[in-house]
There are 4 protein chains.
Amino acid sequence: MASLPNSHESKQAAILVAALDIFGRDGFADGNVDEIAQRAGVAKPTIYNRFGDKRALFVAAMKLGMAQANERVMAAVQAMNPRPADLRTELEALGAALGTCMTSAEGGAIVRVQVADAARFPELAGDNQRELHIDALAGKLAQLIATGQLRAVDPQLAARQFMVLTTAEALNRSGYGRKPLPRPVLEEIVAAGVDTFLAAFGKDRP
Amino acid sequence: MASLPNSHESKQAAILVAALDIFGRDGFADGNVDEIAQRAGVAKPTIYNRFGDKRALFVAAMKLGMAQANERVMAAVQAMNPRPADLRTELEALGAALGTCMTSAEGGAIVRVQVADAARFPELAGDNQRELHIDALAGKLAQLIATGQLRAVDPQLAARQFMVLTTAEALNRSGYGRKPLPRPVLEEIVAAGVDTFLAAFGKDRP
Amino acid sequence: MASLPNSHESKQAAILVAALDIFGRDGFADGNVDEIAQRAGVAKPTIYNRFGDKRALFVAAMKLGMAQANERVMAAVQAMNPRPADLRTELEALGAALGTCMTSAEGGAIVRVQVADAARFPELAGDNQRELHIDALAGKLAQLIATGQLRAVDPQLAARQFMVLTTAEALNRSGYGRKPLPRPVLEEIVAAGVDTFLAAFGKDRP
Amino acid sequence: MASLPNSHESKQAAILVAALDIFGRDGFADGNVDEIAQRAGVAKPTIYNRFGDKRALFVAAMKLGMAQANERVMAAVQAMNPRPADLRTELEALGAALGTCMTSAEGGAIVRVQVADAARFPELAGDNQRELHIDALAGKLAQLIATGQLRAVDPQLAARQFMVLTTAEALNRSGYGRKPLPRPVLEEIVAAGVDTFLAAFGKDRP
DNA sequence: AATGAATGAGTGTTCATTCAT
DNA sequence: TATGAATGAACACTCATTCAT
């Protein structure tokens, strides 16, 4: 039994992970606190002692899930080389990374629950990740503009359109993360999205 | 007694309309059959007599809602003039019409519930409207291609990207139909989408 | 099966009787709705359908219990002959009747619950029976005063003191209705109370 | 370490005081051990270490409360001058003191809880204070009889009736200690009680 | 065909009590 | 000895569903 280092924190984490699983699968209304407790390996009152009620548990789990998703998306954006040898290839890699984030089981679950339930939870309103992602991506695109690799356009707008051209389509095709999107399909979607993006914002027009 | 208009069929309709309201607002799990019955002005067993159980009621209501949404989208697509005087203006009108469909209270509700619940209802899988809309739009774009108003591209792909460039962004901005999207915002989104679309698929490149 | 005449009303009654039993025995906080349902022979939701929640059930049961107790007390008071052959005997009969009401299992239970819980239920404040009883008794005593059988005193005051001299002592001795008060003990208490009452309010002073 | 005054014993006391407060306000069933611990400034297990379980805590707290109430009542009784200049005045002072004891917040709480819960706690049966009070008062009245200030009656009986004539009425009027009884009202009640008491047991009859 | 009333099976939540430190 | 944290057992209340009329 080498791995119960910190009972308290590890239980907190186990509860949140379990809650994220269950709420991600079943949504808020159908998410069952009993099942969360069982999956987390704790008694139900432990959950209530820590989080107060189901709503607060949901909020905490969603905040965690959103933070994780956020981190993955941010990492994908930051991984882009602002001075790539080949811009198209670089953007395709970025698009594929973003699409993977959104259509993964966890990412899709977060999106689904946000669409379905989040409006009822004002506590979650501030955490809207989408705008953060757009901002981060816009920053990168601004670099590409600055270095002359993209035309001088509004980077926010370009970022938004890059997002929908890659991830919106992928989300729809993956059933919002419920069925895994085969890699080739994702790549095809992304390639087409990048084509259009570059047609609109790229420099290399004869 | 020539079958009062306000009898069997009208009750059926009232139930479905009420169910669509409630499920659209609360989702499947939180949608309350009692409230549906009350809003429809019928007794609860009437609903069960007609529809069997909550699932079947949900499916029937969603089918109705999807059909209605479908009709509106199809009308918007069909309204496009395949030989427009000004293509950009025509596409902007189309995009605005589509965006309006999706971000209306009813349209948004349908989308939300589909994202959240529909996967659990295989009965609804066949009715996926999105593919129908894409197909219809692709047909129109094929006409534009045939008449040389657009470049010779895959009309399915063009249709998909037209969709995401206009409606995906609008959906996000309207909170999936929960907060009304001001018309100017919609128009700005659509104009930018059409810009990009035309940059990628339009003919008029110097 | 001759005795299920009116399912609806008889269920209502059964629930209230059961609730009165249980709440009378256990008080509000410890009274168990499950047990009430079981004893009433109905399902728990039937109780909630009819009464809304535990508080409302308690209030309804207490109102019933108080009305019943009230009726018994009022009957005892009204049974007093305002022109008795022997005043002392008549008052002793009255006192015994009142004492019996208060120290019976049902009467005592009502008093206990009122003392313990009623303050938390403003809905019950208006139904305070004690004042009604005092008033009724005062009316009778006023008759005795009018006919010269008692001295000319404040009938309200006399009524109050008659009450405490007979029932307060009996209540204490019976453990507020929890242990039955042997009839001779009751009679002794009442006789002493009447003695004192007549010493203070009676006419026949040498 | 000369046993800080604020240690073991003071915690014991704090727990009992808190328990008395809470149980007095809410009764046994609704009394919350968490709240008691919090109010006493100790952790919950401390209570369980000391008292074993909620029942035992209740019993201990009630014993304390009853002892305190007892002390106050006894003091009131003992304060009576057995050879008063004016008997009526003396008895009125006694009655007012007793009434104040019973209708004070603490005294009323004890009475309420005894009525509501005490029967379930055989451990408390022996401590019934009422009989002690009666006995003490009877002792005083016996002195008054011995000195010819009251007629030769059974002092126990006289004590009981003195009690109900003063405190029973006051208890009822104060909602068993829940609403403070204005001093003039108390005095009026007591004066009337003493009137009747003296009519029955006093010497000075023409 | 329609309904008022009833119900079985949960579900969130609480609370007295105990474990581990 | 004192405590932060955990838990088993219950409890009030709800809801989809069905019965009887």
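The sequence lines fix the lettering, A, B, ..., with proteins before strands; numbering per chain opens at 1. What you see is a predicted model, and the numbers here were worked out from it, not measured in a lab.
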Requested in this report: Quick one: stems involving DNA chain F, counted as three or more successive Watson-Crick or G-U pairs, both distances short of 3.5 Å.
Outcome: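 If one scans DNA chain F for consecutive Watson-Crick or G-U pairs, the stems found are E:2-21 with F:2-21.
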What's the spacing between [X] [atom1] and [Y] [atom2] if we round to 0.5 Å?
| X | Y | atom1 | atom2 | answer |
| --- | --- | --- | --- | --- |
| D:Ile15 | D:Leu20 | CD1 | CG | 13.5 Å |
| B:Glu106 | B:Gln68 | CD | CD | 8.0 Å |
| D:Lys11 | D:Thr46 | NZ | OG1 | 6.0 Å |
| A:Asn32 | A:Phe23 | CG | CZ | 9.0 Å |

Query raised in the report: Does the separation of the ring centres of A:Phe58 and A:Phe51 fall below 6.0 angstrom?
Result: no
Requested in this report: Look at the side chain of A:Lys44 against the base of F:dT7 and say whether a donor-acceptor pair falls under 3.5 Å; ignore hydrogens and angles.
Outcome: no
Requested in this report: Please list, by residue number, the residues of residues 15-36 of chain B whose heavy atoms come closer than 4.0 Å to an atom of DNA chain F; answer none if no residue qualifies.
Outcome: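 When residues 15-36 of chain B is checked for heavy atoms under 4.0 Å from DNA chain F, the hits, listed by number, are B:Gly31, B:Asn32, B:Val33.
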Query raised in the report: Of the residues in residues 49-59 of chain A, which ones touch DNA chain F at a heavy-atom distance under 4.0 Å?
Result: A:Asn49, A:Arg50
**Report entry** Separation of atom CD1 in D:Ile47 from atom P in E:dT18, rounded to whole Å
**Finding:**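 In whole Å, E:dT18 P lies 14 Å from D:Ile47 CD1.
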**Report entry** Residue met sooner reading DNA chain F from 5', once A:Ala43 and C:Tyr48 are mapped to nucleotides
**Finding:** A:Ala43
Query raised in the report: What are the two closest heavy atoms between B:Ala116 and A:Ala116, and how far apart are they?
Result: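 What the structure gives for the nearest pair is CB-CB, 3.2 Å.
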Report summary line: Heavy-atom nearest pair, B:Gly24 first then B:Val113, reads CA-CG2, 3.9 Å
Are [X] and [Y] within salt-bridge range, i.e. N to O under 4.0 Å?
| X | Y | answer |
| --- | --- | --- |
| B:Arg55 | B:Glu123 | yes |
| D:Glu35 | D:Arg25 | yes |
| A:Arg120 | B:Asp30 | yes |

Report summary line: Taking for B:Thr46 and for A:Pro45 the nucleotide of DNA chain E with the nearest heavy atom, the one nearer the 5' end belongs to B:Thr46
